[in-house]
Structures are given as C-alpha cells and as structure tokens.
*Asks:* 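After the structure tokens below, expect a handful of questions from me.
Quantities reported herein were computed from a predicted structural model and do not represent experimental measurements.
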Amino acid sequence: MNRKFLFVGLFIVILAAIIAIDATNGGRSHEEEARLLPQEPGKPAAAAEQRSILPTAIHTYEWQQGGREYEPGNPILFSDPNATIVFQFNRQALGDVESLEALYPRADLYYEEHGKRTAAAVAMEFEAINDRFGEFRVVLDHAPKRDLTLVVHGREGRAPIEQQLTFVDSFTAEWSGEDPYLNMSLRFRNQQSIPWWTAWGSEQRLRVTFSAAVDQGSADRRFADIFGGMEWSNAWVNERTAELTFRMDVETTTLPIHLNLNGVKSAAGYELQGDSPLQVYASSDTAYGTTHLPSGERKELFRTSQRFLRFLPNHDGTYALGQVTQNDETGASLYVLLDLWNGGGLMKVFQLGELEEPQWSGNDPNTFFYGTVTPEMRSVRKYEVQEDRSEEIWVKAAEKEHPFRWVRPLTVFGSERVWIMDYKPVTDRYAFTFSADLYVLSDSDDPKPEVTEDVHRSVCEGARCYGWFIPLSEKQMLMLQSTGNQEEPSWEYRLFDPGTQRHTALLQGDGWITVLDEKRYLFIEHVPKDSQTLYRYSIYSFDNPTRQWMMELEQQPGSMGLRDRAARIGANRFIIGDGVLDLERRTFERLREEPIHLNGDVLYWREASS
C-alpha cells in the first residue's frame with residue numbers, strides 16, 4: 001500500500017516538472033517549437049515539424065506599371081488584376097531540391113466578406129533552381145479589385161507562406177508642355193526613343209499630372225534629381241499636378257537629361273514604375289532658309305532646335321516634310337509636315353513607320369507619294385495636304401518566296417507621272433543583293449502601269465534599301481548598278497530609258513556622280529597618291545565617254561548637302577555637297593550654311609548649328 005502511494009507521488013512530481021518546463025517556453029506547442037529548430041540543408045524534419053522557408057525578396061510585375069520590390073511580410077500593393085508576384089529564395093536555404101515545386105506546390109487566393117471566404121483564380125509557375133537563388137511565380141487571373149490574402153501551401157506539413165495583397169488604383173504620370181515637338185516625343189515614348197531638342201538658355205515649361213494624389217516629398221526629390229545643376233522651379237497646382245520650369249545651361253548641364261519619374265510614390269504608398277524615360281537635349285537654334293540663285297536673294301524661313309535627318313520642301317515652297325527618325329535597327333521612320341508660309345509651324349505628325357521614301361508630286365504642290373510596307377503587303381499611297389487625306393494608288397500582296405520587300409515612289413518636276421521601284425532580295429543574308437522592278441504610272445490614277453522587270457540591282461543592308469536611282473527626266477534615269485557579287489563587288493553607273501528599256505553604261509568604279517546640268521555630270525573618286533589623300537574631279541558628257549575636264553584636290557564634298565544634283569551659281573561655279581566648286585579657279589570651298597535641297601532656281605539651306 002505504501003509502495004503504491006510512493007509511485008503516485010512520483011508521477012505527480014514528474015507531471016509538475018513538465019508543466020513548469022512548458023511554462024518557461026511561453027506555452028508554445030510542439031509544432032511551433034519544431035519550426036524554431038535549426039534545419040540541416042537537405043535533411044527536412046518530420047512532416048509535422050517542418051518550418052516555412054522565408055523568401056529573401058518579393059517582386060511584382062504589372063502591365064504598364066513596371067516592377068516593384070517588397071520586404072517579405074509587408075503588404076504588397078497591386079493595381080493589375082493579372083499581376084505576377086515573384087517569391088525569391090536564397091539557394092543555401094533550399095537544400096538539395098531542384099525546384100521549389102517540391103516545397104511549395106500550390107497557392108490559394110481569397111477574400112473574406114461578412115464572415116464568408118471567397119476564392120479567386122491564381123496559378124503558379126516554377127523554374128529550375130540555379131546556384132544563386134530559386135523562385136516561383138504566382139500569377140493572378142482577373143483577380144477582384146480588392147484586398148486579398150495569398151496563401152502558398154507547403155508540402156507534407158510544411159508551414160505555409162501567407163501574404164496580404166492590398167489593392168490600389170493604378171499610379172501613372174503624364175508629362176505635357178507648350179512645345180509641340182515635346183508632345184511628339186511623348187506621344188511615341190512607349191514605342192520608340194525620340195529625343196526632345198530644346199535651345200540652350202531658353203525657358204521650358206512642363207506640367208506633370210499624376211493619376212492619383214501623390215507623396216509630394218518623393219516627387220520633389222525626384223524633380224531635384226532630374227533638374228539638379230540647372231536653373232529650375234516647381235509649383236504644385238493641386239495634390240496631383242505640378243508645374244515646372246527649367247533652363248539648360250551650356251556650361252553646367254550634362255546632356256542628356258532624362259524625364260523619368262520612377263520611384264515617386266502615391267499618397268497611398270504605391271511606387272511609380274514603368275515610366276518610359278524621355279531624353280532631353282539642347283543645342284543652338286538652327287535657321288532654315290532659301291536663296292534665289294539668279295538674284296542671290298536670301299530669306300530665312302524659320303528657326304528651330306528640332307533636328308531633321310532630311311528636309312523635303314514641295315516645289316512652290318509652301319510645305320515641307322521633315323524626317324525625325326529613320327527606319328533602321330533602332331526603330332521606324334517618323335516624318336512631320338511643316339507649314340513654310342507660317343514660320344515652319346508643325347501641321348501634322350505622322351505615325352511611326354507610316355511614311356517611307358516620300359516624294360512630292362511633280363505637278364501638284366499639295367500632294368506627295370510615299371511607300372508603306374507591312375507583313376501582308378506593300379503599297380504606294382497619295383497624301384493630299386489641304387484635305388489631310390491619303391489614298392492607295394498601287395499595291396502588291398506579300399509573297400512567300402520574298403517575304404522582305406521594299407517600295408519607293410519617284411517623281412520628276414513638271415510631270416504627273418509616278419515611277420515605283422519594287423525591291424526584292426536575291427539572297428537572304430543581312431547585307432544582300434536586291435533586284436528592283438519598275439512600274440510607270442501615267443498619273444496617280446493609272447490602273448494598269450507599265451512594268452519593266454529587273455531594272456536595277458544593288459545591295460541592301462539591314463532593314464532598308466539605299467538604291468541609288470535618280471529620275472533626271474521622263475526619259476532618263478541615272479542609276480548605280482551592281483555588276484559583281486558580294487564576294488567581289490563591282491559597280492557601274494548607267495542611264496536607263498523607261499520608254500525604250502535601254503541601258504547605257506557611263507562609268508565603272510568606286511566614285512560619286514553629281515549631275516551638273518542636262519548635258520554633263522561630275523565624277524569624284526578617291527586617288528591614293530604617295531602619302532597624300534587626293535580626290536579626282538572629272539567632268540563627262542552624257543553623250544560622250546571621253547573625260548572633258550579634270551583636277552585633283554585634297555578636299556571632297558561632305559556627305560550631306562547636294563549630293564545628286566549640283567546648283568549652278570555662275571558660269572563655271574556649282575554648289576556640290578556642302579561647298580562651291582569653281583572650275584576656272586580649280587578650287588572647292590566649304591559654305592557656312594549647309595545646302596539641303598534644290599528646287600529649280602531656289603536653294604534651301606540650314607545654318608550650321610554649333
């Protein structure tokens with residue numbers, strides 16, 4: 001009997017000790033204690049004792065909102081119902097597993113309302129773990145626009161990862177200003193980088209409008225980052241709108257500056273991301289003007305800080321096309337229409353890639369033609385300025401055997417005809433030989449143009465063809481023809497008569513032809529001579545292959561200016577490229593202004609910018 005009481009007493013003492021130990025552990029359960037125990041990599045604890053592995057970083061990616069990073073455990077803000085949430089883990093914490101699917105195979109998304117839990121669609125995506133980190137993505141699928149709870153379940157008893165998602169309205173920013181070229185650059189900045197050019201020292205005004213109330217402190221700090229080092233000011237119009245002024249100084253401003261508001265936060269704490277930067281440059285204003293060659297009368301048309309790759313005035317000087325960008329590996333061509341009788345005012349900004357190789361009509365100053373190439377077809381269209389209307393005048397469907405094509409319209413002053421060069425590749429390399437067919441339209445309404453196949457061969461590079469093919473008159477086309485191959489290229493200048501389809505060889509060799517007048521042309525070629533770099537200037541007649549005149553100089557005309565046709569300014573003086581060739585004095589002198597276009601007796605120029 002005494003022995004029985006002894007055992008009972010001993011049991012009570014042991015039980016009291018266990019309760020005391022539990023009390024010192026704060027009342028934690030065995031499962032909670034197991035989560036705190038250190039784990040050896042690659043050796044998970046028993047199923048009921050496995051702890052969660054905390055991510056080292058969480059990133060979100062939203063449509064047109066960019067990416068954001070959050071500290072694990074903090075609420076995640078989202079505005080896109082199809083947002084992607086990336087959980088990233090340190091490689092060492094993952095042990096020997098090859099995919100996080102082995103640890104966290106599924107996720108649930110839900111919200112609670114009136115005590116009822118409602119599920120929302122969600123998917124998970126996994127990738128192989130690399131030697132630095134592992135990650136999985138949780139993809140929302142048209143999630144409701146409200147606060148949500150995300151639970152990522154662990155496998156075989158591993159504790160889940162729980163994350164709160166807070167819905168906020170999207171947070172964006174829009175720049176605007178008084179300069180029409182600024183608004184042009186802003187219009188396309190999500191498609192292509194088109195810099196905004198301003199004039200040194202000129203005051204520029206900008207307005208930025210946020211889509212929601214903004215944390216003005218974060219915005220002011222970002223403005224200071226953008227405009228620091230120059231004279232600038234900011235005034236808040238309301239909780240969403242700021243007006244800024246700035247001046248770019250040639251001595252203190254580092255070019256370019258970048259209009260980019262990433263990092264600014266809304267009043268709700270949502271960080272702006274995905275804001276495409278706009279590059280801002282400054283230069284001296286460039287003057288555009290004309291000179292009437294017979295009288296020498298000069299007239300300035302307008303000044304602008306905007307850069308134009310090409311400046312194409314119509315034949316009576318009322319309108320001009322300005323090329324802002326060209327079609328190459330960096331993007332598509334962009335053209336603008338200018339009103340030359342109204343100070344070069346911007347009349348229209350065309351779509352990116354809408355115009356290729358535009359040419360003004362030979363007899364209608366209100367009309368120009370341009371090419372358009374799409375995967376489905378290539379076409380030539382006519383655009384009427386005063387009516388702001390375009391219509392198709394020629395079209396060809398895409399061809400499987402020649403998927404890459406190029407098309408170019410040509411015109412001659414005084415003629416209503418339209419010539420269309422339709423290019424197709426002969427080889428499929430990056431730099432490839434092309435062949436061009438010529439279509440001759442008697443006017444823009446001609447439904448059955450005459451066609452001559454394989455009129456011209458030369459080389460294209462990348463995404464466009466630079467075929468040297470110049471209509472001198474309705475019966476005379478000047479071309480540079482490829483007569484060799486890519487391994488052994490050779491070139492020949494020819495005249496082509498579209499009526500008789502006759503080719504007449506002029507010269508062979510690597511040089512540059514400029515038409516002097518209806519009877520003569522100038523051929524410029526590089527001539528190595530001892531230690532000197534010389535250029536030989538030779539004059540030929542279109543009717544006679546014998547050289548009529550020759551000299552050698554150290555200078556050659558610049559690549560810009562009047563390359564194809566010279567402008568006569570005296571009995572034996574011509575503007576060629578960027579200078580004046582004097583046949584009597586046998587000299588070439590560069591001009592202060594850059595010649596850019598010749599319309600009959602009117603020379604267009606621009607003042608060289610500093």
Side-chain angles (χ1 to χ4, degrees), residues 52-90 94 99-129 133-174 190 209-215 218 239-240 261-276:
S52 61
I53 302 175
L54 294 179
T56 55
I58 300 176
H59 303 268
T60 63
Y61 297 93
E62 304 180 73
W63 173 249
Q64 294 185 337
Q65 293 286 322
R68 296 168 180 82
E69 183 173 350
Y70 294 89
E71 289 290 330
N74 290 342
I76 292 175
L77 306 182
F78 79 101
S79 64
D80 179 7
N82 299 298
T84 296
I85 306 169
V86 179
F87 290 78
Q88 196 170 87
F89 300 81
N90 187 291
L94 300 178
S99 170
L100 278 162
E101 189 174 10
L103 303 178
Y104 294 100
R106 67 182 183 87
D108 287 330
L109 185 67
Y110 66 88
Y111 64 91
E112 291 186 352
E113 189 174 42
H114 307 303
K116 180 182 177 182
R117 179 176 293 187
T118 302
V122 67
M124 292 188 71
E125 298 176 352
F126 301 91
E127 288 187 2
I129 298 172
F133 61 85
E135 65 182 29
F136 61 74
R137 293 183 291 274
V138 176
V139 184
L140 309 189
D141 184 4
H142 297 86
K145 296 180 179 181
R146 58 186 305 152
D147 296 349
L148 302 166
T149 299
L150 173 67
V151 179
V152 183
H153 297 280
R155 187 183 294 277
E156 298 178 352
R158 184 178 296 276
I161 299 172
E162 187 169 309
Q163 185 68 53
Q164 297 301 311
L165 309 183
T166 301
F167 178 79
V168 295
D169 290 329
S170 63
F171 186 50
T172 59
E174 292 294 333
N190 291 324
T209 302
F210 295 92
S211 60
V214 66
D215 177 345
S218 69
E239 63 181 4
R240 298 192 304 118
L261 295 174
N262 287 336
V264 175
K265 293 184 178 180
S266 69
Y270 194 42
E271 186 177 277
L272 179 64
Q273 292 294 337
D275 186 39
S276 299

*Asks:* What heavy-atom pair brings Asn190 and Ser276 nearest, and what distance separates the two atoms?
*Replies:* OD1-OG, 2.6 Å
*Asks:* Passes side-chain contact (heavy atoms from CB on, under 4.5 Å), Lys265 versus Val214? Steps please.
*Replies:* CA-CA 6 Å; Lys265 293 184 178 180; Val214 66; over 6 Å; no
*Asks:* Going by heavy atoms in the side chains, are Gln163 and Ile76 under 4.5 Å from each other?
*Replies:* yes
*Asks:* Roughly how far, to the nearest 0.5 Å, is CG of Leu100 from CD of Glu125?
*Replies:* 13.5 Å
*Asks:* Looking just at side-chain N and O atoms, do Thr56 and Asn90 make a donor-acceptor pair shorter than 3.5 Å?
*Replies:* no
*Asks:* Within the 4.5 Å heavy-atom criterion, are Val86 and Ile58 side-chain neighbours or not?
*Replies:* no
*Asks:* Identify, with sequence neighbours excluded, every residue that meets ring-ring contact (aromatic ring centres under 6.0 Å, His included) alongside Phe167.
*Replies:* Phe78
*Asks:* With rounding to the nearest 0.5 angstrom, report the CG to CD distance, Asp215 to Glu239.
*Replies:* 12.0 Å
*Asks:* A quick test of your reading: do over 12 heavy atoms of other residues, nucleotides or ligands sit less than 6.0 Å from CD of Glu113?
*Replies:* yes
*Asks:* For the pair Arg137 and Glu135, find out whether any cationic side-chain nitrogen is under 4.0 Å from an anionic carboxylate oxygen.
*Replies:* yes
*Asks:* If you round to the nearest 0.5 Å, how far is OG1 of Thr172 from CG of Asp275?
*Replies:* 9.0 Å
*Asks:* Out of curiosity, Leu272 CG to Ser170 OG, how far, rounded to the nearest 0.5 Å?
*Replies:* 10.0 Å
*Asks:* Find out whether Met124 and Val139 are in side-chain contact, i.e. whether some heavy atom of one side chain is under 4.5 Å from a heavy atom of the other.
*Replies:* no
*Asks:* Might you point out which heavy atoms bring Pro72 and Pro55 nearest each other, and give the distance in Å?
*Replies:* CG-O, 3.1 Å
*Asks:* Is the shortest heavy-atom distance from the side chain of Leu165 to the side chain of Leu109 under 4.5 Å?
*Replies:* yes
*Asks:* I'd like to check the ring-ring contact (aromatic ring centres under 6.0 Å, His included) partners of Phe89; sequence neighbours left out, ordered by chain and number.
*Replies:* Phe136
*Asks:* Quick one: does Val151's side chain get under 4.5 Å of Tyr110's, heavy atoms only?
*Replies:* yes
*Asks:* Within 45 degrees of the axis of the six-membered ring of Phe210 and under 6.0 Å from its centre: does Arg240 put its NZ or CZ there?
*Replies:* no
*Asks:* Can you find a heavy atom in the side chain of Gln65 that is under 4.5 Å from one in the side chain of Gln273?
*Replies:* no
*Asks:* Is the backbone N or O of Gly274 less than 3.5 Å from a side-chain atom of Asn262, with the two atoms forming a donor-acceptor pair by type?
*Replies:* yes
*Asks:* Evaluate the side-chain proximity of Asp147 to Tyr111: yes if any heavy-atom separation is below 4.5 Å, no if none is.
*Replies:* no
*Asks:* Do Thr149 and Gln164 pair up side chain to side chain, a donor and an acceptor below 3.5 Å, judged on atom types alone?
*Replies:* yes
*Asks:* Take Val122 and Asp141, measure what side-chain contact (heavy atoms from CB on, under 4.5 Å) needs, and give me the verdict at the end.
*Replies:* CA-CA 6 Å; Val122 67; Asp141 184 4; over 6 Å; no
*Asks:* Between Pro81 and Lys145, which heavy-atom pair has the shortest distance, and what is it?
*Replies:* CG-CE, 3.8 Å
*Asks:* If every non-hydrogen atom of Ala57 is compared with every non-hydrogen atom of His59, which pair is closest and at what distance?
*Replies:* CB-NE2, 3.9 Å
*Asks:* OG of Ser99 to CG of Leu94: how many Å apart, nearest 0.5 Å?
*Replies:* 10.0 Å
*Asks:* To the nearest 0.5 Å, tell me how far Phe87 CZ sits from Ile53 CD1.
*Replies:* 14.0 Å
*Asks:* List in chain and number order the residues that pass side chain to side chain donor-acceptor pair (under 3.5 Å) with Glu62, two or more places apart in sequence or in another chain; answer none if no residue qualifies.
*Replies:* Arg68, Ser79, Tyr270
*Asks:* Could you check whether Arg155 pairs with Glu101 (Lys NZ or Arg NE/NH1/NH2 to Asp/Glu carboxylate O, under 4.0 Å)?
*Replies:* no
*Asks:* Heavy-atom distance under 4.5 Å between the side chains of Val264 and Ser218, does that happen here?
*Replies:* yes
*Asks:* I need the minimum non-hydrogen distance between Leu148 and Ala143, along with the two atoms involved.
*Replies:* CD1-CB, 4.0 Å
*Asks:* On a heavy-atom basis, which atom in Leu77 and which in Ala268 lie closest, and how many Å separate them?
*Replies:* CD1-O, 4.1 Å
